[in-house]
Amino acid sequence: MTTDQPVAAVTTTVPVPAPRTDGDGTAPRGGFLAKAFGVTALLSAAGSGLGLLRDLLLARYFGANQGTDAFLVAWTVPETAAPLLIEDAMAFLMVPAFSLALVLREERGQGPDPVRQLTRSTLPWLLLALCALSGTVALFAPQLVDLLAPGLADPRLAVTCTRITAVTVVPFGVAGYLASALRALHAFTAPAVIYVMYNLGILALLLSGHRLLGVRSAALGVALGSLLMAGVLVVPFVRRLHARQRRRTRRRGAGRGLVLIPLALLPVAAFSLTRQSQVFIERYLGSALPPGTISHLNYAAKVSQLAMTSAILIVTVTFPVVARAMAAGDLTAARDRVEKDLGQAAALVLLGTAFLLACAPAVVALLFQRGAFGPADTEATAAVIRVYSFGLPAQAMIGVMVRPYFCVRPVVRRADAPRAEGDRTTWLDWYPVGAMMLGLVVTFSLGVTLTPRFGAPGLAAGNAVGITFTAALLMRGLMLRGVALRLGLVLGGQARLLAAAIAAAGAGSLAIRAVTTPLSAALFGGVTVLLVFAFLGTLFGVPEVRGPVLAVLARARRPHAPEPAEGKPHGR
């Protein structure tokens, strides 16, 4: 019994213009990647800023109590759906699929457009599955709440909010699909806007309805925001699909170009779900702790993950490049790109980790301590942040390594490729799932052991150790998959970055001892951490730090152009 389903006859393509003007699937130049990263970084920073404002308002209006705990249990639905349908699984599946379709488009000069054929063959089935999943979540909301948080003080409110947030499943899936296609076409602006729209929808209902609806206003805002994030991608996707379609002639008797591999979906979806299960463990164990604990964990996670933003942006922009190299069989180019991404992501995340370790109480007090969020909440949240931070480098490494891993076996293959590649899954396809499950065993075991004594920080410690264990396993798995990382080079760079981060965190902690206000502590500590990290990274010869520092110094030393002499005409 075959597991393959034909996508459609895909035989030829036409020439495409350079990616600098309009994304089309050709290999991007370095300048294009830099520009794409800049646009993505700017819009993602705006989305993160709005998300931070959302969390500030949640803390201000509702504090950390049984009501916010109920909402956050319901928020598990979009928190799970977003990685599965937007950030991870959908991207792992569809970016390589569209990249392969683009390779076929360039190789062949006639016939139907493979990108359009891929869309017509996959999008309707996706919509059907998303509607069924959304309805299932809404129908079984009581059982889901009881499973996630059996010790919750107000389960009825959690059930109501869960049924509202179940709506997000469909627009999240559509948004993830369209964003993956646009990024494969080297269009990054519209996909970067989605979290701006998402958080604007939440803020709109939170600001207007918090008095009347309470925490339900946040759940309704999540549903509205998800509809906005999908809607903002529809027009750019349709425009690109039609703008890049030139006249193509069909050839009779042409063979199939792409074949869909349904079973390739399973390892990717399973990995994303198991990765998100760390949140399930926290909700489950945290529900037995005093009211407000789940909220403290949530606020700590949101602040900690701000340090991850830039690292995630790097792999978001470079993932189509890696997928394109893998589709073309250039494993050396893919390895070089992955090694560079690992270094850049580690540099950014470790800098953020050092800052959080030094300044967590000041940051939490500055952001959240107002309204219903008191000093005790600040202290509890800061303690969790400091423990969470130890797992951030591993989170970044996993984000970098798992993308090329799944590119080796995308959800589609060439019709002329050997059938053995697409007819069955192998143990290596499931390796990331196994690595993540072993990490979850570590997380759960440490959580059960440490929580009775240390409370929420014990849960955070289990999270950090478990995810670090998973990252080590995935590094080995990536090499088994054919991407032969040069471990000495990678681990040597990581060790030097880690040493610089530890020293920077210590210097920042010492620097803020004499500072009294949260704002001045965050600023002074942040500047100290940045300067020490930059100095030591440069001294240790870390290219991801040394290069930018020397570039800044060279620009500062560069003499300014002389002013034109008085009385002489200016050049035109």
Next item on the list: Mind checking side-chain hydrogen bond (donor to acceptor under 3.5 Å, both in side chains) for T517 and listing every partner two or more places apart, or none if nothing turns up?
Entry: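 Only S520 meet the side-chain hydrogen bond (donor to acceptor under 3.5 Å, both in side chains) criterion with T517.
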Check: Taking only residues two or more places apart in sequence or in another chain, which ones pass side-chain hydrogen bond (donor to acceptor under 3.5 Å, both in side chains) with Y299?
Finding: none
Would you call [X] and [Y] a side-chain contact if the rule is heavy atoms closer than 4.5 Å?
X	Y	answer
V441	M437	no
Q344	D341	yes
T162	V77	yes
L58	N298	no
Q369	P375	yes
L212	S217	no
L485	L342	yes

Notebook entry, point to check: Just wondering, more than 12 heavy atoms not from Y195 lying within 6.0 Å of its OH?
Noted result: yes
Which residues share a side chain to side chain contact (heavy atoms under 4.5 Å, CB included) with [X], sequence neighbours left out:
X	result
L519	L366, L523
L50	V196, N199, L200, L203
L530	L351
L510	R513

If you look at every heavy atom in [X] and [Y], which pair is closest and at what distance?
X	Y	value
V338	V400	O-CG1, 3.9 Å
A501	A354	O-CB, 3.4 Å
V303	V363	CG1-CG1, 4.1 Å
A74	A158	CB-O, 3.8 Å
T168	A223	CG2-CA, 4.0 Å
T470	A435	OG1-O, 3.3 Å

Checklist line | ring-ring contact (aromatic ring centres under 6.0 Å, His included) contacts touching residues 159-180 (sequence neighbours left out) | finding: F98-Y177, F172-Y198
Checklist line | Residue pairs fulfilling ring-ring contact (aromatic ring centres under 6.0 Å, His included) with at least one residue in residues 44-71, sequence neighbours excluded | finding: Y61-H210, F71-W75
Margin query: Test your reading of the model: is there a side-chain donor-acceptor pair from S445 to the backbone of V442, 3.5 Å cut-off?
Written below: no
Item checked: Pair listing, salt bridge (Lys or Arg N to Asp or Glu O under 4.0 Å) test, anchored in residues 45-69, at least two apart -> none
Hey, can you pull the donor-acceptor pairs under 3.5 Å for the side chains in residues 380-398, sequence neighbours left out?
unit_1	atom_1	unit_2	atom_2	d
T381	OG1	D377	O	2.8
R386	NE	L357	O	3.0
R386	NH2	L357	O	3.4
Y388	OH	E282	OE1	2.7
Y388	OH	E282	OE2	2.5
S389	OG	I385	O	2.8

Would you list the atom pairs, donor with acceptor, under 3.5 Å between side chains in residues 532-553 and any protein atom, with sequence neighbours excluded?
unit_1	atom_1	unit_2	atom_2	d
T538	OG1	A534	O	2.7

May I have the list of side-chain donor-acceptor pairs in residues 142-150 shorter than 3.5 Å, sequence neighbours left out?
none

Check: When rounded to the nearest 0.5 angstrom, what distance separates CG in L487 from CG in L478?
Finding: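 Rounded to the nearest 0.5 Å, the CG-CG separation comes out at 9.5 Å.
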Item checked: Test applied, side chain to side chain contact (heavy atoms under 4.5 Å, CB included); reference residue, L497; option that passes from V349, L348, L350 -> L350
